[in-house]
Amino acid sequence: MKKVGRPNLPNSLTIFRIIALPFCAYALFKNGGDDENWRIIAFTLFFIVGLSDILDGKIARDRNQITEFGKLLDPIADKAMLATATIGASLLGYLSWWVTAIFLVREVAVTILRFAVIKKGVIPASKGGKLKTFFQNFGVGFYILPLPTVLTLPRDIFMAIAIYLTISTGVDYFRKALKK
C-alpha cells in the first residue's frame, strides 16, 4: 500500500459523506417527515452520499491512494449512513424497527468481528457483502421515497432480499473468521 498524505480525494469524499448525513436527516424530518417533496430531496441526498461511497473506493483503487485512514473511516461512514437512513425511516414509521435492528446488529457485529481478528489479517468485503450494501441502501431508500401503492410489493420484495443478504453475509463472515 502506497503511503499517501492526508487529505486526498478519496478520503475527502468519505469525510463529505459523514458531513452530509445531518443534511440528509434534516430533509427526511423536514415538515414532520410527511412532506413528499422533502422525502424526495432526502432520497436524492442519500443517493448522492451513496454514490460518493462508490466513487471514493474507485478513485482510491485507480490512483493507488488507499490509506489506513480511509480503510478505517470508509466503513464508519457506510454504517453512519445506514444508521441515519434506517433509524430515521423507522422513527417516521416508514420502515419497521425489526428491519432496522437486523441491519444495525449485523453491521455492529461484523465490525466488532473485524477488529477482533485484525491481527490475523483484514477480512475484506466479499462480493456478497457489496451486493448486500446495494440492496440495503436502495431498499431503505425505497421506504424513504414516496412511491405509488402499485410499487409497494416490489419494494417489499427488494427489502426481503436485502434482509436475506444481510443475515447470510453476516453468518458467512463469522464462519470464515472461525476457520482462521
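Every heavy atom of this structure was used, including side-chain atoms; hydrogens, water molecules and symmetry mates were not.
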Checking Thr169 against Arg106 for the side-chain contact (heavy atoms from CB on, under 4.5 Å) test, could you report, in this order, the C-alpha distance in whole Å, the side-chain angles of both residues, the deciding distance, and whether it holds?
CA-CA 9 Å; Thr169 58; Arg106 187 267 191 207; 2.7 Å; yes

Under a 3.5 Å distance rule, please check whether [X] uses its side chain to pair with a backbone N or O of [Y] as donor and acceptor.
{"X": "Thr67", "Y": "Gly70", "answer": "yes"}
{"X": "Tyr94", "Y": "Gly33", "answer": "yes"}
{"X": "Arg61", "Y": "Gly57", "answer": "yes"}

Side chain to side chain contact (heavy atoms under 4.5 Å, CB included) with Ile87: which of Leu104, Leu82, Leu95, Leu92?
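With Ile87 as partner, side chain to side chain contact (heavy atoms under 4.5 Å, CB included) holds for just one option, Leu104.
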
Given Phe47, which of Leu45, Val49, Leu51 fulfils the side chain to side chain contact (heavy atoms under 4.5 Å, CB included) condition?
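In the set Leu45, Val49, Leu51, the residue that makes a side chain to side chain contact (heavy atoms under 4.5 Å, CB included) with Phe47 is Leu51.
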
Check whether any side-chain heavy atom of [X] sits under 4.5 Å from a side-chain heavy atom of [Y], and report yes or no.
{"X": "Phe29", "Y": "Leu91", "answer": "yes"}
{"X": "Ile76", "Y": "Thr14", "answer": "no"}
{"X": "Thr149", "Y": "Thr152", "answer": "yes"}
{"X": "Ile163", "Y": "Phe103", "answer": "yes"}
{"X": "Arg175", "Y": "Asp172", "answer": "yes"}
{"X": "Leu21", "Y": "Met81", "answer": "yes"}
{"X": "Thr100", "Y": "Trp97", "answer": "yes"}
{"X": "Leu73", "Y": "Asn11", "answer": "no"}

What residues form a side-chain hydrogen bond (donor to acceptor under 3.5 Å, both in side chains) with Asp78, not counting sequence neighbours?
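Checked Asp78 against side-chain hydrogen bond (donor to acceptor under 3.5 Å, both in side chains); matches are Arg17.
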
Can you see which heavy atom on [X] is nearest to which on [Y], and at what distance?
{"X": "Asp35", "Y": "Lys30", "answer": "CB-O, 4.2 Å"}
{"X": "Phe46", "Y": "Thr84", "answer": "CZ-CG2, 3.9 Å"}
{"X": "Cys24", "Y": "Ala42", "answer": "O-CB, 4.0 Å"}
{"X": "Leu165", "Y": "Phe135", "answer": "CD1-CD1, 3.7 Å"}
{"X": "Ser52", "Y": "Leu13", "answer": "OG-O, 4.3 Å"}

Describe, in one word, how the ring planes of Phe142 and Phe43 are oriented to each other, choosing from parallel (under 30°), tilted (30 to 60°) and perpendicular (over 60°).
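Aromatic pair Phe142/Phe43 classed parallel.
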
side-chain contact (heavy atoms from CB on, under 4.5 Å), that's the test. Do Asn8 and Arg63 meet it? Break it down for me.
CA-CA 10 Å; Asn8 65 23; Arg63 295 183 179 181; over 6 Å; no

Residue list, salt bridge (Lys or Arg N to Asp or Glu O under 4.0 Å) with Asp34, at least two apart or on another chain
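Asp34: no salt bridge (Lys or Arg N to Asp or Glu O under 4.0 Å) contacts found.
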
To the nearest 0.5 Å, what is the distance between CH2 (Trp98) and CD1 (Ile102)?
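Here the interatomic distance stands at 5.0 Å.
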
How far does OG1 of Thr166 sit from CE of Met159, to the nearest 0.5 angstrom?
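Reported value, rounded in 0.5 Å steps: 8.5 Å.
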
